Engineer: 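Quick one: structure below, then a few questions.
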Amino acid sequence: MMRRSLGFYLASFAFCVAVVVIVLGAYTRLVHAGLGCPDWPTCYGHYWVPNTPEEIHTANQNFSNTPVEADKTWPEQIHRIFASSLGLLIISLLVVVFKNRKAGNQPLKLTAFTLGFIILQGLFGMWTVTLLLWPQVVTAHLLGGFTTLSLLWLLVQRLGGFVWKLPKAAWQKVARLRGLAAVSLLVVILQIALGGWTTSNYAALACPDLPTCHGEWLPEMDFSAGFNVLQHIGPNYLGGQLDNTARTAIHFAHRVGAMLVTVLLLSMVALLWRTGVAESRRMAAVVLSVLLMQLALGIGNVWFGLPLMVAVSHNAVGALLLLVMVTLNHRLLTVQCRTSAEEK
């Protein structure tokens, strides 16, 4: 059995922390705590949160437009603390990978890129607060979180040496699926972006019924307003600024995207299964299971009026679906053909 390196375990731990950051970020957004701390990186001038009556009174005087709401300050600050810890972990990982760079199988460039991206993600976190939840920045911050998670997962795959080794005939069958897998990954990413735009514009319940929307198959929608990425900076976007037709357009587009993802991934599942290769069949079962779970959670969000745990789970399983597609693409791109000696 391959001996795992320190870098592998460090990357795995960083990945687990990133999962916590993603879930905390979703929770923070869904309980409308994005501005639970109106300053950055402190919270009302505190490294934790104002707790005593005196601290709360001073905070309310200094931030009169955003008085302290205790149930919103702690989710935001906990999210920040975990995100900052993740940055420190990536720095440690880069040091370890750099020290072992001559040992081989050390993804130095990928680790350095991940650290750079973490720094950019931190800036997006700051702009989320300072630009008062401007939808463009909120969506970019969500996509950045999912990208960070994917990069860390790739680091785990690289440092762990996870690859498929198949006989030549099986290798040929699975290798020809690389193109469709890449397209499927791209479509999943676009759907996640649509989901981010939906939540940042508070359009998750713009269509309160399913499968119709406001009792119609094609309700009144304003796509030009709903997808106007040139919204001006300035107002407080907490709760959203768009009218109902614009939000309906966003929600409707997200539903159409879900149908496209479903058709494409079901095709991917069928082709993986038809190869007859055990590894690809296992992957097909995983893709199908996560897809069905995500569809059920999306439907539950509408039918049950966006309950908090269902909404957070929908975000988390969306991240899981992305990771499954990243894994599939990694396996197909790195699949190796067994030598005659290995087959014996």
Side-chain angles (χ1 to χ4, degrees), residues 15 18-19 21-23 25-26 29 83 86 110 113-114 116-118 120-121 123-125 128 135-158 177-201 203-204 223 226-227 229 249-269 271-272 283-284 286-295 297-298 301 311-334:
F15 170 77
V19 171
V21 172
I22 290 286
V23 174
R29 187 170 61 255
L86 182 59
L110 180 58
F113 179 80
T114 303
F117 199 89
I118 285 280
L120 177 63
Q121 180 69 349
L123 291 174
F124 276 119
T128 295
Q136 285 83 332
V137 170
V138 174
T139 303
H141 189 46
L142 181 144
L143 287 174
F146 278 58
T147 301
T148 300
L149 191 68
S150 299
L151 290 171
L152 286 168
W153 185 240
L154 273 178
L155 282 169
V156 172
Q157 305 307 299
R158 291 277 302 276
L177 297 178
R178 290 170 177 170
L180 181 59
V183 172
S184 300
L185 174 60
L186 177 61
V187 172
V188 168
I189 292 171
L190 291 175
Q191 178 65 0
I192 289 172
L194 266 175
W197 190 247
T198 300
T199 189
S200 62
N201 284 283
F223 282 94
F227 290 91
V229 296
I250 297 172
H251 185 104
F252 191 85
H254 188 50
R255 286 192 184 183
V256 172
M259 289 186 284
L260 178 60
V261 168
T262 300
V263 171
L264 195 56
L265 292 193
L266 287 178
S267 301
M268 188 79 243
V269 166
L271 291 173
L272 285 168
M283 186 60 73
V286 172
V287 172
L288 180 61
S289 300
V290 177
L291 173 64
L292 293 178
M293 195 187 313
Q294 182 68 342
L295 289 173
L297 289 168
N301 272 333
V312 171
S313 298
H314 187 55
N315 190 282
V317 176
L320 179 59
L321 183 60
L322 174 63
L323 293 176
V324 169
M325 296 311 299
V326 168
T327 305
L328 174 60
N329 276 268
H330 176 266
R331 294 295 188 275
L332 294 179
L333 288 172
T334 61

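Just so you know, these numbers come straight off a predicted model, no measurement behind them.
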Engineer: Is it the case that the side chain of W197 and the backbone of G226 share a donor-acceptor pair, with hydrogens and angles ignored and the cut-off at 3.5 Å?
Structural biologist: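 At least one qualifying donor-acceptor pair exists.
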Engineer: Testing the basics here: between A193 and T139, what is the closest heavy-atom pair and its distance to 0.1 Å?
Structural biologist: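 It is O-CG2, 3.9 Å.
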Engineer: Run N315 and V23 through side-chain contact (heavy atoms from CB on, under 4.5 Å) and show every step you take.
Structural biologist: CA-CA 7 Å; N315 190 282; V23 174; over 6 Å; no
Engineer: Would a 4.5 Å heavy-atom cut-off, applied to side chains only, mark V188 and L264 as touching?
Structural biologist: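 V188 does not reach L264 side chain to side chain.
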Engineer: Could you check if a side-chain atom of M268 sits within less than 4.5 angstrom of a side-chain atom of L328, using non-hydrogen atoms only?
Structural biologist: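 The answer is yes, as the side chains (C-beta and beyond) meet within the 4.5 Å cut-off.
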Engineer: From I22 CD1 over to L142 CG, what is the distance, rounded to the nearest 0.5 angstrom?
Structural biologist: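 Separation between the atoms: 7.0 Å.
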Engineer: Between atom CG of L260 and atom CG of L265, what is the distance when rounded to the nearest 0.5 Å?
Structural biologist: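 One gets 9.0 Å once the value is rounded to the nearest 0.5 Å.
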Engineer: For the atom pair CZ (R331) and CD (Q157), what is the distance rounded to the nearest 0.5 Å?
Structural biologist: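 Reported to 0.5 Å precision, the distance equals 4.5 Å.
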Engineer: Where do Q121 and T147 land on the side-chain contact (heavy atoms from CB on, under 4.5 Å) test, with the steps shown first?
Structural biologist: CA-CA 10 Å; Q121 180 69 349; T147 301; over 6 Å; no
Engineer: Could you tell me whether a side-chain N or O of T199 sits under 3.5 Å from a main-chain N or O of G196, the two making a donor and an acceptor?
Structural biologist: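 Such a contact is absent between T199 side chain and G196 backbone.
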Engineer: Quick one: are L266 and L291 in side-chain contact, heavy atoms under 4.5 Å?
Structural biologist: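 Yes, side chains in contact.
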Engineer: Heavy atoms, side chains only, cut-off 4.5 Å: are V261 and Q294 in contact?
Structural biologist: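 No. Closest side-chain heavy atoms not under 4.5 Å.
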Engineer: side-chain contact (heavy atoms from CB on, under 4.5 Å), that's the test. Do L321 and M293 meet it? Break it down for me.
Structural biologist: CA-CA 10 Å; L321 183 60; M293 195 187 313; over 6 Å; no
Engineer: Scan the side chains in residues 252-259 for donor-acceptor partners under 3.5 Å anywhere in the protein, sequence neighbours excluded, and list what turns up.
Structural biologist:
residue, atom, partner, partner atom, Å
H254, ND1, Q191, NE2, 3.0
R255, NE, H251, NE2, 3.0
R255, NH1, D209, O, 3.3
R255, NH1, P211, O, 3.3
R255, NH1, T212, O, 3.1
R255, NH2, C207, O, 3.4
R255, NH2, D209, O, 2.5
R255, NH2, H251, NE2, 3.4

Engineer: Give the intermediate values and the outcome of side-chain contact (heavy atoms from CB on, under 4.5 Å) for residues T148 and L152.
Structural biologist: CA-CA 6 Å; T148 300; L152 286 168; 4.1 Å; yes
Engineer: Would you compute the distance between atom CG of L295 and atom OG1 of T262 and round it to the nearest 0.5 angstrom?
Structural biologist: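 So the CG of L295 and the OG1 of T262 are separated by 4.0 Å.
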Engineer: Please report the closest heavy-atom contact between I192 and G318, naming both atoms and the distance.
Structural biologist: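 Where I192 meets G318 most closely, the heavy atoms are CD1-O, 4.0 Å.
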Engineer: Measuring from T114:OG1 to W153:CH2, what's the distance to the nearest 0.5 Å?
Structural biologist: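 The OG1 atom of T114 sits 14.5 Å away from the CH2 atom of W153.
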Engineer: Restricting to non-hydrogen atoms, name the atom on A83 and the atom on V21 that form the minimum distance, rounded to 0.1 Å.
Structural biologist: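 Distance-wise, the nearest heavy atoms are N-CG2, 3.8 Å.
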Engineer: Nearest 0.5 Å, what's the OG-CZ distance between S200 and R29?
Structural biologist: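 Here the rounded value is 8.5 Å.
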Engineer: Indicate the atoms forming the closest heavy-atom contact of L271 with L177, along with that distance.
Structural biologist: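 Of all heavy-atom pairs spanning L271 and L177, the closest is CB-CD2, 3.9 Å.
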Engineer: How close do A284 and L272 get, heavy atom to heavy atom, and via which atoms?
Structural biologist: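 That closest heavy-atom pairing would be CB-CB, 3.7 Å.
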Engineer: At their closest point, which heavy atom of A140 faces which heavy atom of F124, and how far apart are they?
Structural biologist: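 Nearest heavy atoms, A140 then F124: CB-CE2, 3.7 Å.
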Engineer: Fit a plane to each ring of F117 and F113, take the angle between them on a 0 to 90° scale, and name the class: parallel (under 30°), tilted (30 to 60°) or perpendicular (over 60°).
Structural biologist: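 F117 and F113: tilted rings.
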